[in-house]
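Each remark here refers to the structure printed beneath this line.
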Amino acid sequence: MLLPLAWKNIWRNKLRSAVIITAIALGLMCGLTAAAIYINIGTQMVSSTITTGISHLQISNPKFLIDREVNNFVPNAEVIAKRIDSLPQVAAAAPRMLVNGMASSPQTALGVQITGIIAEREKNLTSIASSLLEGNYFEEPWVNQVVIGQELARHLDLDLGSRIVFTFVDVNGELTGSAFRICGIFRTASTQFDRSTVYVKARELGQLLETGMRFQQVAVLFTTLRAADTSLNQIQKIVPEMELQTWRQLAPQLDFMSSSMSLIMYIFLGVILLTLSFGIINTMLMVVLERKREFGMLMAVGMGHKLLFFLVTLETVILSISGAAIGMFLAFILISTLNVTGINLAALSSGLREFGIAEVLYPSLPLTMYPAVGGMVFITAVLSAIYPALRALRLRPAEALRNI
Amino acid sequence: MAVIQALNLTKVYNESEVPVRALHNINFEVTDGEFTAIVGPSGSGKSTLLHILGGLDRPSEGKVTVGGVNLNLLSSTKLIEFRLFNIGFVFQAFNLIPVLTARENVEFIMLLQKRSAQERIKRGQELLDAVGLSNRADHRPVQLSGGEQQRVAVARALASRPKFVLADEPTANLDSKAAGNLLSIMSDLNKKLGTVFLFSTHDERVIHRARRVITLRDGEIESDKNNSR
Ligand SMILES: Nc1ncnc2c1ncn2[C@@H]1O[C@H](COP(=O)(O)OP(=O)(O)OP(=O)(O)O)[C@@H](O)[C@H]1O
Ligand SMILES: [Mg+2]
């Protein structure tokens, strides 16, 4: 019964109501859009780190983690990889040879991690093959092909087809090395990764190391993040002696980011709402002061405290929810549009790529966030109504009516 | 039978600082069917008395009983409910909710009383007819003249079926014609429905309409006369 009355009361002072509704709408629109951008940065960082390098899970010989010696390999890595690959929740699994070494060009030298791979297996595991700027993924006829990052190519001043010399320690502790020719140059979201990671064929690397096909790691990519979290025991049973490292352990900063992302977003939106609540309180105080006589009259003729409190609260809630509805609608449109067009940060991207953030952002917001934010606005409105409503109740009808 | 009894009413404002004695030792009774004016110069305590009789303010000493109920004994929450069901109010101005139409204003009080929609509509229509405003029922207060607004207020005051209606200077903002018209309507309704009207005024043009006139001076009853007409 009070609803139509509350609605009409809101439009008594159109300008004032429009101002606060606009404030809430703009605040929420910007807040939600910022949240969508932040969440996209977060998921992009997580997924690009996972798909370019670390994968969801790395299986290693525990000794290798203490002492990165090529002899500390994963026994039967190829067979294990095949077995894990056949699990339904696994997207890909592949063995990797890992050795640290020095990459040199006629100009200069730089420390790198040389990764020996089986190209057709690794292709499914990482996005390197699809991140090539130039060349191809081990499709040249020559021996000793190498795929390197754009950043390394720049540092060493090398082009496609150039020679690059790798030096490293073999299984006998002897310094060894060989020249490779660049068949592909990739570029990921992370410059740091592009500078320090190179891929060669496992067979060729194994020969140089004199280890043959012995792999130091099996990397696993699951179909979903959730599967990655729930399949650990199953994998451990396949390789009881080996050490499992999840992406959460390998990149703890990303794990923190991914798990705290929505909490941080809610806190962020909460702060925006807190700020807006002062505007709401101020507006409603003005309303109450302006309508002193009316409230006095209503109490005089028999409107109870509860109802009056409810009326003021209802007006506050309608005002706030109207603003929120408009804000969320605009945010939805804006986010959906940006999600299609993307936000191109090319101008800033060299800096962002240091952190593994891609150049083009595609903001998106989980749909569950809208009702949750609606609920937060509702609570904010009810809390903001308390003080003005109490002020209305404090009026003494006899006094309110005297001040005519 | 006594509808209202005022016993030794005294009201002192500002008791702690500079006390203002607005009412002193007021005693009187209002019985069924009365149409009574409270008159007196400005500051004589008319509003104070009406507010205390209507349970809007509490006396410093003495008591008011309405239909045998001692208002002093009611909590402020109970007092609001008591007013809703027992007392109708007409103030000098700002009687109506600006965003509601005349009809909605009259029905609102019955809504507070949780009366059925059927009854609200029926009684609302009857009362607007009675104050001669059925053709303006769907107008909002700003679209009505001062006199029309006061007539809606009278209809609203009667809608709750109160034991009596208190009107504090209902004609103060009206011209003579509108004031006379309002008083005729009040007087007619008093006769027709038997509802007690108690109104304050210092308007000579309407005093003669009352059948009983209580005159206040400096917070005391100076005279209490029946108008013989
Ligand atoms: N809240 C208050 N605090 C202190 N004094 C008050 C207060 N309200 C009224 N008074 C004083 O009490 C006295 C009676 O006031 P009241 O308003 O009842 O007179 P009134 O007869 O209604 O006058 P008017 O014809 O001007 O409306 C006046 O002297 C007034 O100044
Ligand atoms: Mg007065």
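All values derive from a computational prediction rather than experimental measurement. Numbers restart at 1 for each chain; the letters A, B, ... are given by sequence-line order, proteins then strands. Atoms considered below: every heavy atom in the structure, side chains included; atoms not considered: hydrogens, waters and symmetry mates.
Counting non-hydrogen atoms of neighbouring residues, nucleotides and ligands closer than 6.0 angstrom, the NZ atom of B:Lys63 reaches no more than 12 such neighbours. Atom CZ of A:Phe332 sits in a sparse spot, with 12 or fewer heavy atoms from other residues, nucleotides or ligands closer than 6.0 Å. The environment of B:Asn25 atom CG is dense: over 12 non-hydrogen atoms of other residues, nucleotides or ligands sit within 6.0 angstrom. More than 12 heavy-atom neighbours from other residues, nucleotides or ligands sit within 6.0 angstrom of CZ on B:Phe85. The environment of B:Glu119 atom CD is dense: over 12 non-hydrogen atoms of other residues, nucleotides or ligands sit within 6.0 angstrom. Surrounding CZ of A:Phe310 are at most 12 heavy atoms belonging to other residues, nucleotides or ligands under 6.0 Å away. Residue-environment remark: OH (B:Tyr13) exceeds the threshold of 12 foreign heavy atoms within 6.0 Å. With a 6.0 Å radius and a threshold of 12 heavy atoms from other residues, nucleotides or ligands, B:Gln118 has its CD atom at or below the threshold.
Options B:Asp168, B:Ile87, B:Leu79, B:Asn95 differ in how many heavy-atom pairs under 4.5 Å they form with chain A, and the most are formed by B:Asn95.
When all heavy atoms are compared, the tightest approach of B:Pro98 to A:Arg12 is CG-NH2, 3.3 Å. Between B:Ile80 and A:Met303, the shortest heavy-atom contact is CG2-O, 3.6 Å. When all heavy atoms of B:Phe108 and A:Leu298 are compared, the pair lying nearest together is CE2-CD2, 3.7 Å.
With contacts defined as side-chain heavy-atom distances shorter than 4.5 Å, the pair A:Lys8/B:Glu104 qualifies. With a 4.5 Å cut-off on side-chain heavy atoms, A:Met297 and B:Leu96 do not count as touching.
Heavy atoms closer than 4.5 Å to chain A are found nowhere in B:Thr77, neither backbone nor side chain. Both the backbone and the side chain of B:Ile97 have a heavy atom closer than 4.5 Å to some heavy atom of chain A. Heavy-atom distances place the side chain of A:Arg396, and not its backbone, under 4.5 Å from chain B. For B:Ser160, no part lies under 4.5 angstrom from a heavy atom of chain A.
B:Arg83 places a side-chain N or O within 3.5 Å of a backbone atom of A:Ala300 that can act as its donor or acceptor partner.
Taken from CE in A:Met299 to CG in B:Leu56, the straight-line distance is 10.5 Å, to the nearest 0.5 Å. Annotation: the span from B:Leu100 atom CG to A:Asn9 atom CG amounts to 7.5 Å, rounded to 0.5 Å.
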